[in-house]
**Q** 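What follows is a single structure, and I will ask about it in a moment.
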Amino acid sequence: MKRILITGAAGFLGSHLCDRFVEEGYHVIGMDNLITGDLKNIEHLFKLANFEFYNHDVTKFVSVPNELDFILHFASPASPIDYLKIPIQTLKVGALGTHNLLGLAKVKKARILIASTSEVYGDPLVHPQTEEYYGNVNTIGPRGVYDEAKRFMESITMAYHRFHKLETRIVRIFNTYGPRMRLNDGRVIPAFIGQALRGESLTVFGDGLQTRSFCYVDDQIEGIFRLLHSDYSLPINIGNPHEITIRDFAEEIVKLTGTDQKIVYKALPKDDPLQRQPDISKAKEILGWEPKVTRQEGMKKTYDYFKSLPKEELYKNEHKDFTEYNKQ
Ligand code: UDP
């Protein structure tokens, strides 16, 4: 049985990856420090013999007993609000956490795949974004803590690949959505759905003419699965190229939820990228991958998930105290 370590296991993508690798017959070791992750996302796996969980912060030395064949490094805050609340941990998990996991991969002779992001392209001046584009990032802006940590993550991963001959894979993840996103993390899809379910107006930031391209989680997981098993070690975009303005998207959500919520406009957050669309030619050619789930199907499933949550979740503020994490 192949053994795989998945960091960020209790998070949105991490938990879906745990499900997928458990289903594929791997022995899955999940790891998370639960700052932004939630055990509810993986508690259904606890009874299985081929799943185990460590509550551990990967910015500290990481040790796992016995052999490891693969490591997936998916631990990181992933919403602009989280970067503001936990900026130092965001930097540390991308930088120090990645260093620890590369070290572990070297000792275990494991193949490691790291989760990078379309944010390495910053507010892109090239559209759609190809892997060759170097990006346009504000190092000292609010998103800088995430963007630069992920850029460092790519650099150190390539350094381990070239210098230590480690088997490495780098996925650049574009906006991905689906069940288990955090309802109150401020990202646009849970924000709009939460607002519709509470009967509030939908808050569009700026004029709403900025664009995003949303990928359903099952497609994203399939892309990552294929990349891990490929022999391609340069970064690869995984996302859905179907682009939409945030204003049109808000209207789609009003239709989907069958509510007649108003749309209100609020200030655009600093450095909010104006446009984002992945060029996925490489993923098509190298992995034979392209997204299959339409936004209509994916949003329906996502809406059904949020609707099924206990009603009090809709009104829950995130009361977590981040003071300790920020001090470290
Ligand atoms: N956005 C919005 N209203 C919200 C939350 C987000 O209009 O309540 C916008 C945000 O300004 C951005 C887009 O939706 O242009 C996607 O934001 P998100 O935080 O989901 O991810 P990003 O792609 O910016 O990292």
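Heads up: numbering here begins at 1 and tracks the sequence. Keep in mind that this is a model prediction, so the values were computed, not measured. Start at 1 and go down the list; that is how both ligands and their atoms are numbered.
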**Q** State whether D147 and R151 are salt-bridged, where the test is any N-O pair (Lys NZ or Arg NE/NH1/NH2 against Asp/Glu carboxylate O) under 4.0 Å.
**A** no
**Q** Determine the interplanar angle of the F249 and F192 rings, folded into 0 to 90°, and report it as parallel if under 30°, tilted if 30 to 60°, perpendicular if over 60°.
**A** tilted
**Q** Give me the ring orientation class for F21 and F225: parallel if the planes are under 30° apart, tilted from 30 to 60°, perpendicular past 60°.
**A** tilted
**Q** Run the salt-bridge test on D272 and R212 with the 4.0 Å N-O cut-off and return the result as yes or no.
**A** yes
**Q** Which pairs of nitrogen or oxygen atoms, taken one from ligand 1 and one from the protein, are under 3.5 angstrom apart?
**A**
from	atom 1	to	atom 2	distance (Å)
ligand 1	3 (N)	T203	O	2.5
ligand 1	7 (O)	F205	N	2.7
ligand 1	8 (O)	T203	O	3.3
ligand 1	8 (O)	T203	OG1	3.0
ligand 1	11 (O)	D272	OD2	2.6
ligand 1	15 (O)	Q210	NE2	3.0
ligand 1	15 (O)	R212	NH2	3.3
ligand 1	15 (O)	D272	OD1	2.6
ligand 1	15 (O)	D272	OD2	3.4
ligand 1	20 (O)	V188	N	2.8
ligand 1	23 (O)	N175	ND2	2.9
ligand 1	23 (O)	R212	NE	2.7
ligand 1	23 (O)	R276	NH1	2.7
ligand 1	24 (O)	R143	NH2	2.8
ligand 1	24 (O)	R212	NH2	3.0
ligand 1	25 (O)	R143	NH1	3.2

**Q** Run the salt-bridge test on E222 and R226 with the 4.0 Å N-O cut-off and return the result as yes or no.
**A** yes
**Q** Does the distance from a Lys or Arg side-chain N to an Asp or Glu carboxylate O, for K292 and E297, drop under 4.0 Å?
**A** no
